[in-house]
Amino acid sequence: MAAPGHRSGLDAQGYIEREGSPARVPSAFRPVVAAARERLLDVFGARLDGAYLYGSIPRGTARVGRSDLDLLLSLREEPTDTDRADARALEGALDEEFAEIDGVGALLFSRTRLLSDLETNDLGWFVACLCTPLLGEDLAEHLPRYRPDALLARETNGDLALLLPRWRERIAAADTDEARRPLVRSMSRHLVRTGFTLVMPRWNGWTSDLGEMAEAFGTYYPRRAAEMRSAAVRGYEPAGGPAVLRAAVLRAYADDLGPWLAGEYARVHGIKAPRP
């Protein structure tokens, strides 16, 4: 279990280190990464300012047939409906062709937004610390270095209260077990990451491992530790357990753990600056 003062994920000066690199991409995933690189150029051409990998593949922790390919695209202009449709088509083609991955997700933003003052401690931090350059200029060169402080905590995950009504709508609309599985995975991960950034300034470090995140959270909130550990497991293995359990888990997330975490986050760090 991590203890206060732990400096995991930080350099000698106490800044968060960039967690991925091309050298860490497992050999099994290199063909799909190469294909993504080539097709992004073909599909987006001059519209593309740059592209990044993030998630388990550039961290070197991806599991063949179970991990997805996560991409962030920096566009020269604000993303259009055409850009989003092109990205969805590219996601589907890569996912169908490469059995090594279990899905593809591409986030689209303009270069201007990624480098804006409003996003410095959210999307800017994400690019600088959690993304691995794949194409184009590395925008991290234009961004500051980051410490695991309260400002970063507030601006990364201080909006959970705003998300919960949307979560409830999605849960209500998920009327099959097949529809609930991805919700369990994504909401579990979001809650664990939010729980971790709640305690991140006190823990004084960074990790993207869900298990480590849950353990760090549990150090400071032992009464909720078991819930967060269970969420970490579900973030990796959403298919486990009976269908009725998944429905109950989602209700608990939206009506208990989520609201409690949102309230505690606001009390400790405040609310994330509003976006347009």
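In this chain, numbering begins with 1 at the start of the sequence shown. Below, each value reflects all heavy atoms present in this structure, side chains not excepted, and no hydrogens, waters or symmetry copies.
In terms of heavy-atom proximity, M213 sits nearest to T207 at CE-O, 2.9 Å. Of all non-hydrogen atoms in A214 and V192, the two that sit nearest each other are N-CG1, 4.1 Å. In terms of heavy-atom proximity, V32 sits nearest to I101 at CG2-CD1, 3.9 Å. Of all heavy-atom pairs spanning A128 and A140, the tightest one is CA-CB, 3.9 Å.
Between R18 and D138, at least one side-chain N (NZ, or NE/NH1/NH2) sits under 4.0 Å from a carboxylate O, which counts as a salt bridge. A salt bridge links E119 with R113: at least one charged nitrogen is closer than 4.0 Å to a carboxylate oxygen. At a threshold of 4.0 Å, the pair R39-D42 does not count as salt-bridged, since none of the basic side-chain nitrogens sits closer than that to a carboxylate oxygen. At a threshold of 4.0 Å, the pair R166-E169 does not count as salt-bridged, since none of the basic side-chain nitrogens sits closer than that to a carboxylate oxygen.
Side-chain contact, Y236 with S188: no donor N or O sits under 3.5 Å from an acceptor N or O. Between S110 and E77, the side chains place no donor N or O within less than 3.5 Å of an acceptor N or O (distance only, hydrogens not considered). Counted by atom type alone, T156 and D122 present zero donor-acceptor pairs between their side chains at under 3.5 Å. Checked by atom type, the side-chain pair E19/Y54 shows no donor-acceptor distance below 3.5 Å.
Considering Y221, F196, Y220 as possible partners of W203, the one that fulfils the ring-ring contact (aromatic ring centres under 6.0 Å, His included) test is F196. None of L163, T194, L261 except one satisfies the side chain to side chain contact (heavy atoms under 4.5 Å, CB included) rule with N157; the exception is T194.
The number of heavy atoms from other shown groups lying within 6.0 Å of CZ (R189) is above 12. Within 6.0 Å of the CG atom in D117, the count of heavy atoms belonging to other residues, nucleotides or ligands does not exceed 12. Residue-environment remark: CZ (R275) exceeds the threshold of 12 foreign heavy atoms within 6.0 Å.
The ring pair (Phe, Tyr, Trp, His ring centres under 6.0 Å) search around Y253 returns none, not counting sequence neighbours. By the salt bridge (charged side-chain N to carboxylate O under 4.0 Å, His left out) test, R63 pairs with E237, sequence neighbours left out.
For residues 123-137, the set of pairs meeting the side chain to side chain donor-acceptor pair (under 3.5 Å) definition, not counting sequence neighbours, comprises R111-E137, E137-H142.
Using a 4.5 Å heavy-atom cutoff, the side chains of C131 and L53 are not in contact. Side chains of Y52 and D70 form no contact here, defined as non-hydrogen atoms less than 4.5 Å apart. Between D102 and S67, every side-chain heavy-atom pair lies at or beyond the 4.5 Å cut-off. Side-chain contact between W167 and L160 is present, with at least one heavy-atom pair separated by less than 4.5 Å.
If you chain together hydrophobic residues whose side chains sit under 4.5 Å apart, L118 and L107 never meet in one group. Note on I271 and L164: separate hydrophobic clusters, where clusters join Ile, Leu, Val, Met, Phe, Trp and Tyr whose side-chain heavy atoms are under 4.5 Å apart, directly or indirectly. At a threshold of 4.5 Å between side-chain heavy atoms, the hydrophobic network of Ile, Leu, Val, Met, Phe, Trp and Tyr places L151 and L130 in two separate groups.
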Residue pair R267, E264: steps toward the salt bridge (Lys or Arg N to Asp or Glu O under 4.0 Å) verdict: CA-CA 5 Å; R267 185 188 72 80; E264 183 67 3; 2.6 Å; yes
Criterion side-chain hydrogen bond (donor to acceptor under 3.5 Å, both in side chains) on Y265 and T197, from CA distance to verdict: CA-CA 9 Å; Y265 216 99; T197 52; 2.8 Å; yes
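Between the side chain of R66 and the backbone N or O of A62, no donor-acceptor pair lies under 3.5 Å. With hydrogens and angles ignored, the 3.5 Å screen pairs a side-chain donor or acceptor of H269 with a backbone N or O of L198.
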